[in-house]
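Here's the structure we're looking at; comments come further down.
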Amino acid sequence: MAYKSVFDASAVKSEFENAGLNPNFVPVIWKHILKNPSCRRWDEIPSLPSAAYSLLESKFKICTSTLHSAVNSSDQVTTKLIIKLKNGEFVEAVIMRYDSRLGICDGKPRSGGPRSTLCVSSQVGCKMGCNFCATGTMGFKNHLSTGEIVEQLVHASRISVIRNIVFMGMGEPLNNYSNVVEAIRVMTAPPFQLSPRKITLSTVGIIHAISKLHKDLPGINLAVSLHAPLQEIRCQIMPAARAFPLEKLMNTLREYQTNSQQKIFIEYIMLDGVNDEEQHAHQLGKLLENLESVINLIPFNPIGSLSSYKTSIDMKVTKFQKILRGTYNIRTTVRKQMGQDISGACGQLVVNLADKISLNSANLLPDIEDLRI
């Protein structure tokens with residue numbers, strides 16, 4: 001029979017209830033696994049009812065995925081994890097290390113210290129077909145289960161203490177809605193206990209899913225991969241945008257903001273000669289006039305011969321940022337490029353197997369969230 005991950009929350013809790021076992025034992029099991037990375041057998045977990053051991057042995061595995069390799073970038077700040085799933089497919093997750101003390105808040109250095117953000121995947125491949133993104137070249141293969149999503153955090157936690165999660169890896173999270181929602185609920189509950197405000201979910205703009213997201217996951221951050229201020233350009237670089245007209249998307253975002261009372265992050269990839277001219281900056285500023293947002297400008301990361309796009313020059317990016325800040329008073333940041341040399345940067349996630357494991361100390365950077373803009 002096919003074993004499930006013990007981190008498939010609904011499945012394991014349902015089995016416990018059906019067997020007359022208290023499902024409150026499940027977080028205890030998770031905690032032991034997290035604190036004991038070498039745990040391989042169920043009988044190593046103490047103080048469970050005897051019936052729990054036979055149930056776990058017959059239906060669940062501690063992890064259904066394995067860490068195939070972990071590769072560090074040359075600056076030791078980024079680690080790309082290649083994870084093998086039980087069906088033989090691979091997904092990637094990326095650990096990015098920051099130091100919050102390098103940021104400024106109200107003119108003073110922030111308190112805190114080193115921290116790590118984990119970029120997780122929600123699917124093998126992606127059906128959105130964004131033609132500037134390496135994952136899109138894979139096509140769509142399958143959804144990840146709740147357990148397979150959570151296990152990325154489990155594997156990463158054995159390398160670095162994870163404080164933030166961003167759903168910006170392989171796949172469109174809102175196309176795997178139920179499993180992503182359940183995974184986030186696991187991540188924010190014991191023993192992980194991540195704050196919802198430390199979790200960001202990125203989407204190309206799946207309108208019907210955004211409409212119910214705040215009710216299902218209050219408090220998390222929403223990031224929208226907008227990438228163009230006009231529907232025509234969006235459709236050119238993001239074919240899936242045809243199903244989500246820009247006007248309807250903006251109405252949905254305003255409604256989401258009314259309900260959530262949270263700022264929305266706008267992701268905007270800078271493509272030379274496509275969406276990076278001054279007119280595009282003005283169009284974007286006007287589009288977002290009635291939305292409380294933070295814009296993150298993303299330098300395009302080359303994907304070899306897979307794309308004809310070029311990266312916008314620094315002068316264009318700076319001018320674009322100045323227009324949005326100065327003319328429209330919109331907080332606008334430029335994403336720090338991390339992990340390019342290991343194809344772990346934004347838009348570069350497509351499985352390229354490696355057998356190196358390199359987990360040395362890192363030189364930390366300020367997280368973009370910690371900069372005073």
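Values below: every heavy atom of this structure, side chains too, minus hydrogens, waters and symmetry copies.
Residues V12 and V28 fall into different hydrophobic clusters, defined by Ile, Leu, Val, Met, Phe, Trp and Tyr side chains chained together at heavy-atom separations under 4.5 Å. In this structure, L55 is a member of the same hydrophobic cluster as Y53, with clusters built from ILVMFWY side-chain heavy atoms closer than 4.5 Å. No chain of hydrophobic side-chain contacts below 4.5 Å, direct or via other Ile, Leu, Val, Met, Phe, Trp or Tyr residues, connects M170 to F140. Residues V317 and F132 share a hydrophobic cluster, clusters being chains of Ile/Leu/Val/Met/Phe/Trp/Tyr side chains in contact below 4.5 Å.
In this structure, a donor-acceptor pair under 3.5 Å is absent between the side chains of N179 and S145. Side chain to side chain, N164 and Y98 fail the donor-acceptor criterion of an N or O pair below 3.5 Å.
At distances below 3.5 Å, not a single donor-acceptor pair connects side-chain atoms of T318 with backbone N or O atoms of M315. For the pair N175 (side chain) and H143 (backbone), a donor-acceptor distance under 3.5 Å is absent. Using modelled atom types, one side-chain atom of N221 and one backbone atom of R197 make a donor-acceptor pair closer than 3.5 Å. Side chain of S121 to backbone of Q123: no donor-acceptor contact under 3.5 angstrom is found. Side-chain N or O atoms of T327 include none that pairs as donor or acceptor with a backbone N or O of L324 at under 3.5 Å. In this structure, the side chain of K319 does not engage the main chain of A281 through any donor-acceptor pair within 3.5 Å. Formation of a donor-acceptor pair under 3.5 Å by the E182 side chain with backbone atoms of T146 is not found in this model. At least one donor-acceptor pair under 3.5 Å links the side chain of N275 to the backbone N or O of I269. Side chain of Q321 to backbone of L297: no donor-acceptor contact under 3.5 angstrom is found. Listed for the W42 side chain is a donor-acceptor partner under 3.5 Å among the backbone atoms of F60.
Counted within 6.0 Å of CD on E232, heavy atoms from surrounding residues, nucleotides or ligands total 12 or fewer; the atom is thus considered open. Atom NZ of K86 is surrounded by more than 12 heavy atoms from other residues, nucleotides or ligands within 6.0 Å. Within a 6.0 Å radius of CD in E44, other residues, nucleotides and ligands contribute more than 12 heavy atoms. Residue N259 qualifies as enclosed at atom CG: its count of foreign heavy atoms under 6.0 Å is above 12. Within 6.0 Å of atom CG in N329, 12 or fewer heavy atoms from other residues, nucleotides or ligands are found, so the atom counts as exposed in its surroundings.
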Exercise for review: Dump the intermediate steps for side-chain hydrogen bond (donor to acceptor under 3.5 Å, both in side chains) on T79 and N72, then the final yes or no.
Suggested key: CA-CA 4 Å; T79 302; N72 268 0; 2.3 Å; yes
Practice item. Any chance you could lay out the side chain to side chain contact (heavy atoms under 4.5 Å, CB included) test for I199 and F167, step after step, and finish with the verdict? Key: CA-CA 8 Å; I199 297 177; F167 279 79; 4.2 Å; yes
Practice item. Show your working on side-chain hydrogen bond (donor to acceptor under 3.5 Å, both in side chains) between S122 and E172 and close with a plain yes or no. Key: CA-CA 7 Å; S122 56; E172 163 54 57; over 6 Å; no
Review point. Between V274 and I233, is a side chain to side chain contact (heavy atoms under 4.5 Å, CB included) present by the stated rule, with each step listed?
Key: CA-CA 8 Å; V274 177; I233 302 176; 4.2 Å; yes
Practice item. Given side chain to side chain contact (heavy atoms under 4.5 Å, CB included), test L226 with L249 step by step and report yes or no. Key: CA-CA 10 Å; L226 197 63; L249 174 58; 4.2 Å; yes
Check your understanding: Stepwise, does the side chain to side chain contact (heavy atoms under 4.5 Å, CB included) test hold for Q231 with E247?
Key -> CA-CA 8 Å; Q231 178 71 2; E247 183 179 354; over 6 Å; no
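Under the 30°/60° scheme for interplanar angles, the aromatic rings of Y268 and F320 are found to be tilted. Ring-plane geometry between Y256 and H214 is classed as perpendicular, the angle between the planes exceeding 60 degrees on a 0 to 90 degree scale with a lower cut at 30.
Side-chain contact between H280 and Q283 is present, with at least one heavy-atom pair separated by less than 4.5 Å. Side chains of N131 and Y309 form a contact here, defined as non-hydrogen atoms less than 4.5 Å apart. You'll find the side chain of M168 stays beyond 4.5 Å of the side chain of S225, heavy atoms only. The shortest distance between side-chain heavy atoms of I330 and L284 does not fall below 4.5 Å. Between I45 and C39 there is a side-chain heavy-atom pair separated by less than 4.5 Å. The shortest side-chain heavy-atom distance between I323 and Y328 falls under the 4.5 Å cut-off. Side-chain contact check for T188 versus L217: every heavy-atom pair is 4.5 Å or farther apart. You'll find the side chain of L85 stays beyond 4.5 Å of the side chain of T64, heavy atoms only.
When each of V94, T78, T200, L81 is tested with C119 by the rule side chain to side chain contact (heavy atoms under 4.5 Å, CB included), just one qualifies, namely V94.
A salt bridge links E267 with R335: the distance from a Lys NZ or Arg NE/NH1/NH2 to an Asp or Glu carboxylate oxygen falls below 4.0 Å. Here K316 pairs with E277 in a salt bridge; the nearest charged N to carboxylate O distance falls below 4.0 Å.
When the salt bridge (Lys or Arg N to Asp or Glu O under 4.0 Å) test is applied to E89, the partners found at least two apart in sequence or on another chain are K141.
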